[in-house]
Every structure is written in C-alpha cells, then in structure tokens.
Amino acid sequence: MDKKVLITGGAGFIGSHVVRLFVTRYPHYQVVNLDKLTYAGNLANLTDIEKAPNYSFVRGDIVDQPFIDSLFEKEKFDAVIHLAAESHVDRSITNPLEFIQTNIVGTVTLLNAARHIWKDSPEGKLFYHVSTDEVYGSLGETGQFRETTPYDPRSPYSASKASSDHLVRAFHHTYKLPVVLSNCSNNYGPNQFPEKLLPLCIHNIKNNKPLPVYGKGENVRDWLYVVDHALAIDMIFHRGRVGETYNIGGNNEWQNLKLVIKLCEIMDRHLGREKGTSEKLITFVTDRAGHDLRYAIDASKIRKELGWEPSVKFDEGFDKTVGWYLSNEEWLASVTSGSYQKYYDEMYLKR
Ligand code: NAD
Ligand code: DAU
C-alpha cells in the first residue's frame, strides 16, 4: 500500500540509514526527511539516494509548532518515524536546556500535529518513536533491561528521552494516538558524528592524537551495527503491535577499554602500523559526570514476536566500520572542520 512517511532526524547517523532503507526498499512509499541540520545532521550521508523520486528533504525545526502543523496539513503524512534528537550525553551535561527543547518539546510538537490530522481517521496511521536503552538507568555487573524495567534515567539526555517516551505513551492512552516505541543500545557504523567514542577514536588514531578513555574505562556498553537497528525499525514499523515497546540490542557487551584496544588493533592492521602502535595513544581522562556503569538489553520480545536478530557479526561490522571511515576521509575532514555546517547555513539562509 502507498504511504507518505515522515522521518525526522533523517540526516543524522541512524536516521540516514533508516531513510536509505525505506527509500530503496519501498519505492511505492513517499519518504520525507525533516531535519534541522544541526551540527549532527549532514546531507552528505544521503547523496546516494537524494535524487530518488520517492525521497524529499525539508529543513526545519521540530520545536516550531506553526511550521510543523502546516507541514502536516500540507503533506498529510500516514506515518511518522521520529529520530530527531539531541543525542550526545556529554553535550547534555554542558547544556541540558537544548535537550529539553528538542527531545521533549519537539516530540510533543510532532505528537500534537499527528493527533490533529489523524483524529478522524486513525486507522492505519502510526507514530513510531525511536528511543534509547539509557532511559532504564544503569546496571550492575549482572542483569539486562527488559521492556518492563522501571525507568531510572540519570543524565539530562536520558531524562529528556524518558520524558519523551512517557509523553508518547500518554498520547496513546489519552487521545488513542496509534504509537509504537523502541529502545535500542549503542549503535556503531558509518556516518556517526566523531564526538561519539568509536568515530572519535578512529579519527584520533589516524591523526596520532590521544584516545580519551573516561575514568578507568570499566563502563560497559552493548554494541549493535547501525544497519541492524534500521532493519529492526523496519520490522517494528510494519509488524509491531500498536501501543507496544520493543527493546533492541546486539547481545554484544564490551568494556570501553577493551573495545578501544580492539579498535587500536584493527586500526594498526588497516594503517599498516606495527601491532601495539595505536594502543600507546590511550589516555585516561576525568570520568563523565554521573557516568552510567553498564547497559545490556534483553531483546527476546522482538526476537520472539517479529523474528529480528542482529545480522552482522561484530568482527565483520567493526572491520567494515573502520574501513568506511578510512576510505571516506573527505566526510570525516568536513565534519570535523565544521565546513559542511557553514555551507548549509549559507545555502538555506539564501532561500
Ligand atoms: P544524531 O545526533 O546523529 O542525529 C540527530 C539528527 O536530528 C540530526 O540530523 C539533527 O540535525 C537532527 N535534529 C536535532 N535537533 C533537531 C530539531 N530540533 N529539529 C529537527 N531535526 C533535529 O543522532 P543518532 O545517534 O542518529 O540518534 C537518532 C535517534 O536514535 C535519537 O532519538 C537517539 O536518542 C536514538 N538512539 C541513538 C542511539 C545511538 O547509539 N546513537 C541508540 C539508541 C537510540
Ligand atoms: O545506549 C544508547 C546511547 O548510546 C544513545 O542513546 C546515545 O545517543 C549515544 O550517544 C550512546 O550514548 P553513550 O554515552 O553510551 O555513547 P558515547 O559514544 O558518548 O560513549 C560510549 C562510552 O564511551 C561511554 O561509556 C562513555 C565512553 N567515552 C565516550 C567518549 C566520547 C569515553 O570513554 N571517551 C570518550 O571520548
């Protein structure tokens, strides 16, 4: 069936993989990518599909209610996949208010617009909210987050995402808005902004700069290849039960220090450096304030209900990721210099 799907944050890391998947796999859908193009949004992530007849891009801010209302009125979307967010924990510690605006107010702005245009015919419509495992808080040495784990967010970022999750559920209960949610673990892969651990370390290793490991590097994250997250979103979008939440994870836990050491080994191989060269760059730095110790996901619900499993083995995905950053030097250079941001600002200011 034909659908018009709004994807928010489609110029970002995960959003660009979701846009690509939907544009190429569903040529009969119209995919509209709405993105503010903050420092984290980059249209260069989508050059391969930007001319597809079923794709269009709109630059705009999800916090701007009159703009969002008129976009929904004009486009009459059948579904929304909402990924736009401020996503970096360290930035939320420095500037929490921006996270409240985008992640909470922006989500309610979209919910309001969807509620108004769908109120008379909610059948077949869907508001899909993409969230994070960080809403569940921090684990000790054992255990995993389930969909029923009580929320316990501990950073301004995770608190803003938790708040947005609650509001999505509140719109479902109060206004019967058809919604679905997913909470995913750490993603890795091409097109991630190099402020996050892995692309930052790849960039620094290449340039012989220190690799900042927070605290003792003992914190644990569960890593999933970004395309597997996009595939899970596709399954939940098409076959997930309305009103439900699905946890998504890689079942692939790594202590930060061990992960960075593994990355150093792969980088040495790719760069033809002697084994052990890059590891010498590891530098322990002051810990992140309130640093969550461990995240781990129980993804049995999505596995049992929808048959989703990660398809990419970690060694393969990790190697592919390093290869991508090394062979896309221009992308890395432009996002680290900020030149692309200046270009967009100038280009869109002229319009
Ligand atoms: P990202 O920071 O790479 O991309 C976010 C995108 O949203 C950017 O393109 C940015 O320009 C856009 N954006 C920001 N504010 C906006 C606004 N006010 N209006 C319109 N667009 C705006 O983020 P990501 O890592 O791709 O994460 C995408 C989503 O997935 C987020 O909701 C995040 O919470 C969630 N998530 C991320 C991960 C992860 O490991 N990266 C894991 C689980 C869930
Ligand atoms: O769990 C899902 C979350 O994963 C997403 O919701 C977030 O949007 C995403 O940014 C990510 O959050 P993290 O804080 O886990 O990712 P980050 O890459 O910032 O850090 C990963 C781990 O590495 C974390 O324990 C902090 C540590 N770290 C990070 C950086 C940037 C370092 O030790 N050094 C660093 O320089």
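All values reported here derive from a predicted model rather than from experimental measurement.
The environment of Lys4 atom NZ is dense: over 12 non-hydrogen atoms of other residues, nucleotides or ligands sit within 6.0 angstrom. Remark: Lys74 NZ is loosely packed, at most 12 non-hydrogen atoms of other residues, nucleotides or ligands lying under 6.0 Å away. For Asn251, the CG atom sits in a loose shell: 12 or fewer heavy atoms of surrounding residues, nucleotides or ligands are nearer than 6.0 Å.
The OH atom of Tyr188 sits 7.5 Å away from the CG atom of Leu224 when rounded to the nearest 0.5 Å. Between atom CD of residue Glu253 and atom CG of residue Asn186 there is a gap of 11.0 Å, rounded to the nearest 0.5 Å. Atom CG of Leu332 and atom CD1 of Ile202 lie 8.0 Å apart (nearest 0.5 Å). Distance check: Arg115 CZ to Lys176 NZ gives 13.0 Å after rounding to the nearest 0.5 Å. Taken to the nearest 0.5 Å, the NE2 atom of His88 stands 9.5 Å off from the CZ atom of Phe193. Atoms CG and OG, from Asn42 and Ser16 in turn, are 8.5 Å apart once rounded to the nearest 0.5 Å.
Between Arg154 and Gly137 the shortest heavy-atom distance is CD-CA, 3.9 Å. Between Pro27 and Asn54, the shortest heavy-atom contact is CA-ND2, 3.5 Å. Here the shortest heavy-atom pairing between Ile302 and Ala232 reads CD1-CB, 4.0 Å. The two residues Thr47 and Ala44 come nearest to each other via the heavy atoms OG1-O, 3.5 Å. Thr321 approaches Gly189 most closely through the heavy-atom pair OG1-CA, 3.5 Å. Nearest heavy-atom pair, Ile205 versus Ser278, reported as atom, atom and distance to 0.1 Å: CG2-OG, 3.2 Å.
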Checklist line | Worked verdict on Tyr55 versus Asn33 for side chain to side chain donor-acceptor pair (under 3.5 Å) | finding: CA-CA 8 Å; Tyr55 170 74; Asn33 171 13; 3.1 Å; yes
Next item on the list: I would like to know whether Lys119 and Tyr175 meet side chain to side chain contact (heavy atoms under 4.5 Å, CB included); could you show each step before the answer?
Entry: CA-CA 8 Å; Lys119 65 178 182 312; Tyr175 307 111; over 6 Å; no
Next item on the list: With side chain to side chain contact (heavy atoms under 4.5 Å, CB included) as the test, would you mind laying out the steps for Leu46 and Val23 before giving the verdict?
Entry: CA-CA 11 Å; Leu46 291 165; Val23 166; over 6 Å; no
Note to self: Let's go through Tyr128 and Tyr246 carefully: what are the C-alpha distance in whole Å and the side-chain angles of both, what is the deciding distance for ring pair (Phe, Tyr, Trp, His ring centres under 6.0 Å) to 0.1 Å, and is it a yes or a no?
What the structure shows: CA-CA 11 Å; Tyr128 183 156; Tyr246 295 86; 8.7 Å; no
Notebook entry, point to check: Taking it one step at a time, do Tyr26 and His238 satisfy ring pair (Phe, Tyr, Trp, His ring centres under 6.0 Å)?
Noted result: CA-CA 12 Å; Tyr26 304 106; His238 288 100; 4.7 Å; yes
Next item on the list: For side chain to side chain contact (heavy atoms under 4.5 Å, CB included), just list the numbers for Glu98 and Arg91, CA-CA rounded to whole Å, side-chain angles, deciding distance to a tenth of an Å, and then say yes or no.
Entry: CA-CA 9 Å; Glu98 204 160 347; Arg91 285 182 191 251; over 6 Å; no
Checklist line | Check against side chain to side chain contact (heavy atoms under 4.5 Å, CB included), His17 and His229 | finding: CA-CA 9 Å; His17 289 274; His229 187 188; over 6 Å; no
Next item on the list: Please step through side chain to side chain donor-acceptor pair (under 3.5 Å) for the pair His129 and Thr107, ending with a clear verdict.
Entry: CA-CA 9 Å; His129 179 62; Thr107 300; 4.7 Å; no
Report all side-chain donor-acceptor pairs from residues 255-263 shorter than 3.5 Å, counting only partners two or more places apart or in another chain.
residue: Lys262; atom: NZ; partner: Asp315; partner atom: OD1; Å: 2.7

Exercise answer: donor-acceptor pairs, residues 61-73 side-chain atoms, under 3.5 Å, sequence neighbours excluded:
residue: Asp61; atom: OD1; partner: Val63; partner atom: N; Å: 2.9
residue: Asp61; atom: OD2; partner: Lys36; partner atom: NZ; Å: 3.4
residue: Asp64; atom: OD1; partner: Phe67; partner atom: N; Å: 3.3
residue: Gln65; atom: NE2; partner: Asp69; partner atom: OD1; Å: 2.9
residue: Gln65; atom: NE2; partner: Thr109; partner atom: O; Å: 3.1
residue: Ser70; atom: OG; partner: Pro66; partner atom: O; Å: 3.3
residue: Ser70; atom: OG; partner: Phe67; partner atom: O; Å: 3.1

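Contact of the Asn208 side chain with the Arg273 side chain is registered, since non-hydrogen atoms from C-beta on lie closer than 4.5 Å. Looking only at side-chain heavy atoms (C-beta outward), Leu34 and Leu6 come within less than 4.5 Å of each other. Annotation: side chain of Asp319 is in contact with side chain of His270 (closest heavy-atom distance under 4.5 Å). Considering only heavy atoms from C-beta on, Leu21 comes within 4.5 Å of Leu231 through its side chain. Contact of the Tyr151 side chain with the Asp165 side chain is registered, since non-hydrogen atoms from C-beta on lie closer than 4.5 Å. In this structure, the side chains of Leu271 and Leu326 come closer than 4.5 Å at one or more pairs of heavy atoms. Contact of the Tyr225 side chain with the Pro310 side chain is not registered, since no non-hydrogen atoms from C-beta on lie closer than 4.5 Å. Side-chain atoms of Arg288 and Asp90, non-hydrogen and from C-beta on, do get closer than 4.5 Å to each other.
Side chain of Arg146 to main chain of Lys301: no donor-acceptor pair is present (N/O by atom type, distance under 3.5 Å, no hydrogens or angles). Thr174 places no side-chain N or O within donor-acceptor distance of the main-chain N or O of Phe171, the cut-off being under 3.5 Å. Of the possible donor and acceptor atoms, one in the side chain of Arg294 sits under 3.5 Å from a partner among the backbone N and O of Gly143. Trp308 places a side-chain N or O within 3.5 Å of a backbone atom of Asp228 that can act as its donor or acceptor partner. Distance alone, capped at 3.5 Å, places no donor-acceptor pair between the Thr245 side chain and the Glu147 backbone. Within the 3.5 Å criterion, the main-chain N or O of Ser160 finds no donor-acceptor partner in the side chain of Ser163. Remark: side-chain polar atoms of Lys196 are not paired, donor with acceptor, to backbone N or O of Asn187 under 3.5 angstrom. Remark: side-chain polar atoms of Ser185 are paired, donor with acceptor, to backbone N or O of Asp222 under 3.5 angstrom. The backbone N or O of Glu86 lies less than 3.5 Å from a partner atom in the side chain of Asn103, making a donor-acceptor pair. Under the 3.5 Å distance criterion, the side-chain polar atoms of Asn247 are left unmatched by any main-chain donor or acceptor of Asp133.
Classification of the Trp331-Trp324 ring pair by plane angle, with boundaries at 30° and 60°, yields perpendicular. Relative orientation of the Trp254 and Phe314 rings is tilted, given thresholds of 30° and 60° on the angle between their planes. By the 30° and 60° cut-offs, the orientation of the rings of Phe237 relative to Phe22 is perpendicular.
One hydrophobic cluster, built from ILVMFWY side chains closer than 4.5 Å, cannot hold both Val168 and Phe99; they sit in different ones. Residue Leu198 is grouped with residue Val335 when hydrophobic side chains (ILVMFWY) are merged at heavy-atom distances under 4.5 angstrom, including chains of intermediate members. Connection of Leu306 to Ile81 is established within a shared hydrophobic cluster, with ILVMFWY side chains joined at heavy-atom distances below 4.5 Å, either directly or through further cluster members. Note on Val19 and Ile236: same hydrophobic cluster, where clusters join Ile, Leu, Val, Met, Phe, Trp and Tyr whose side-chain heavy atoms are under 4.5 Å apart, directly or indirectly. By the rule that hydrophobic residues join a cluster once side-chain heavy atoms approach within less than 4.5 Å of another member, Val80 and Leu181 end up as members of one cluster.
With sequence neighbours left out, the salt bridge (Lys or Arg N to Asp or Glu O under 4.0 Å) criterion links Glu305 to Arg241.
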